[in-house]
Amino acid sequence: DAKTTQPPSMDCAEGRAANLPCNHSTISGNEYVYWYRQIHSQGPQYIIHGLKNNETNEMASLIITEDRKSSTLILPHATLRDTAVYYCIVTYGQNFVFGPGTRLSVLP
Amino acid sequence: GAVVSQHPSRVICKSGTSVKIECRSLDFQATTMFWYRQFPKQSLMLMATSNEGSKATYEQGVEKDKFLINHASLTLSTLTVTSAHPEDSSFYICSASRSGQGNSYEQYFGPGTRLTVT
């Protein structure tokens, strides 16, 4: 079973920031938080991952709470192409367990 | 990010025949590759872990004699669905793993293969 809980769906207006939450209250000290997204009928796309510190790359920012029990993926300026299912995965090692994810719809 | 390819992108086969799907890591060597299956409106389910030069490790409930996995090189893994049946129709996705910072790993996924068994 996935170790994470995400809302099943969210809407976001085009051009606004999309903030996608993820709860992982049972995370262990050595487990990483990964975010992937899957656009319809494609393979998942890596977005970002982190352990304790907040991370930022060209796609998104990852904010991890100090107790590491939750995190937020931020897409700073959502576009229509960001409409996808977003998966938050917590794991140590290479075995990824995908939960149902959050279906983000970016609206014009 | 790294690039992983899959071939074919879609295939239709008759019941009872076998189908081979190739997964290639194009720009890095992957000692470990993974095979997932995704049914409509569901999430990805891990089928097996493929290690170069050794036997694959299958998840519970996945028949190893039906889903043959070969990982002959650091850039190629194949999944063969033997004696396919309509219930094997699904979206098959592979991934290749490489180590990241610290003890983290980055998995890069192929575009998927849609198998339809008639």
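In what follows, every chain begins at residue 1, and chains take the letters A, B, ... in the order their sequences are listed.
- Neither the backbone nor the side chain of Gln6(B) has a heavy atom closer than 4.5 Å to any heavy atom of chain A.
- Under the 4.5 Å side-chain contact rule for hydrophobic residues, Tyr86(A) and Leu62(A) share a cluster.
- Counting heavy atoms from C-beta outward, Leu44(B) and Tyr87(A) have side chains that approach closer than 4.5 Å.
- Nearest approach of Gln94(A) to Gln107(B), heavy atoms of both residues: O-NE2, 2.6 Å.
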* Asked: Between Arg114(B) and Ser41(A), is a side-chain contact (heavy atoms from CB on, under 4.5 Å) present by the stated rule, with each step listed?
  -> CA-CA 9 Å; Arg114(B) 186 160 303 281; Ser41(A) 294; 3.7 Å; yes

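- Only the side chain of Gln38(A) comes within contact range of chain B, judged by heavy atoms closer than 4.5 Å.
- Atom NE2 of His7(B) sits in a sparse spot, with 12 or fewer heavy atoms from other residues, nucleotides or ligands closer than 6.0 Å.
- Inter-residue side-chain proximity for Ser104(B) and Leu51(A) is flagged as unmet; no heavy-atom pair is nearer than 4.5 Å.
- Leu73(A) and Tyr46(A) are members of different hydrophobic clusters when ILVMFWY side chains are connected at heavy-atom separations under 4.5 Å.
- No continuous path of ILVMFWY side-chain contacts below 4.5 Å connects Phe96(A) to Met45(B), so the two sit in separate hydrophobic clusters.
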* To do: I would like to know whether Tyr105(B) and His49(A) meet side-chain contact (heavy atoms from CB on, under 4.5 Å); could you show each step before the answer?
  => CA-CA 9 Å; Tyr105(B) 289 88; His49(A) 75 281; over 6 Å; no

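- Between Gly99(A) and Ser43(B), the closest heavy-atom pair is O-OG, 2.6 Å.
- Put simply, of Pro44(A), Gly43(A), Gly50(A), Gly101(A), the one with the most heavy-atom pairs under 4.5 Å next to chain B is Pro44(A).
- Under the 4.5 Å side-chain contact rule for hydrophobic residues, Tyr34(A) and Ile27(A) do not share a cluster.
- By the neighbour-count criterion of 12 heavy atoms within 6.0 Å, atom CE of Met59(A) is densely surrounded, having more than that number from other residues, nucleotides or ligands.
- For an aromatic pair to be called close, the ring centres must be under 6.0 Å apart, and Phe109(B) with Tyr36(A) satisfies this.
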* Full working for side-chain contact (heavy atoms from CB on, under 4.5 Å) between Val97(A) and Leu46(B) -> CA-CA 7 Å; Val97(A) 177; Leu46(B) 179 65; over 6 Å; no

* Apply the test ring-ring contact (aromatic ring centres under 6.0 Å, His included) to residues Tyr36(B) and Phe98(A): give CA-CA distance (whole Å), side-chain angles for both, the deciding distance (0.1 Å), then the verdict. => CA-CA 10 Å; Tyr36(B) 296 81; Phe98(A) 284 79; 5.7 Å; yes

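- The cluster map of Ile, Leu, Val, Met, Phe, Trp and Tyr, joined by side-chain heavy atoms under 4.5 Å apart, puts Ile89(A) and Met10(A) in different clusters.
- Within 6.0 Å of atom CZ in Arg68(A), more than 12 heavy atoms from other residues, nucleotides or ligands are found, so the atom counts as buried in its surroundings.
- In this structure, the side chains of Pro100(A) and Gln42(B) stay at 4.5 Å or more apart for every pair of heavy atoms.
- No more than 12 heavy-atom neighbours from other residues, nucleotides or ligands sit within 6.0 angstrom of CD1 on Ile12(B).
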* Given the rule in the side-chain contact (heavy atoms from CB on, under 4.5 Å) test, do Gln42(A) and Ile93(B) qualify, once you have shown the distances and angles that lead to the verdict? -> CA-CA 9 Å; Gln42(A) 297 182 24; Ile93(B) 309 169; over 6 Å; no

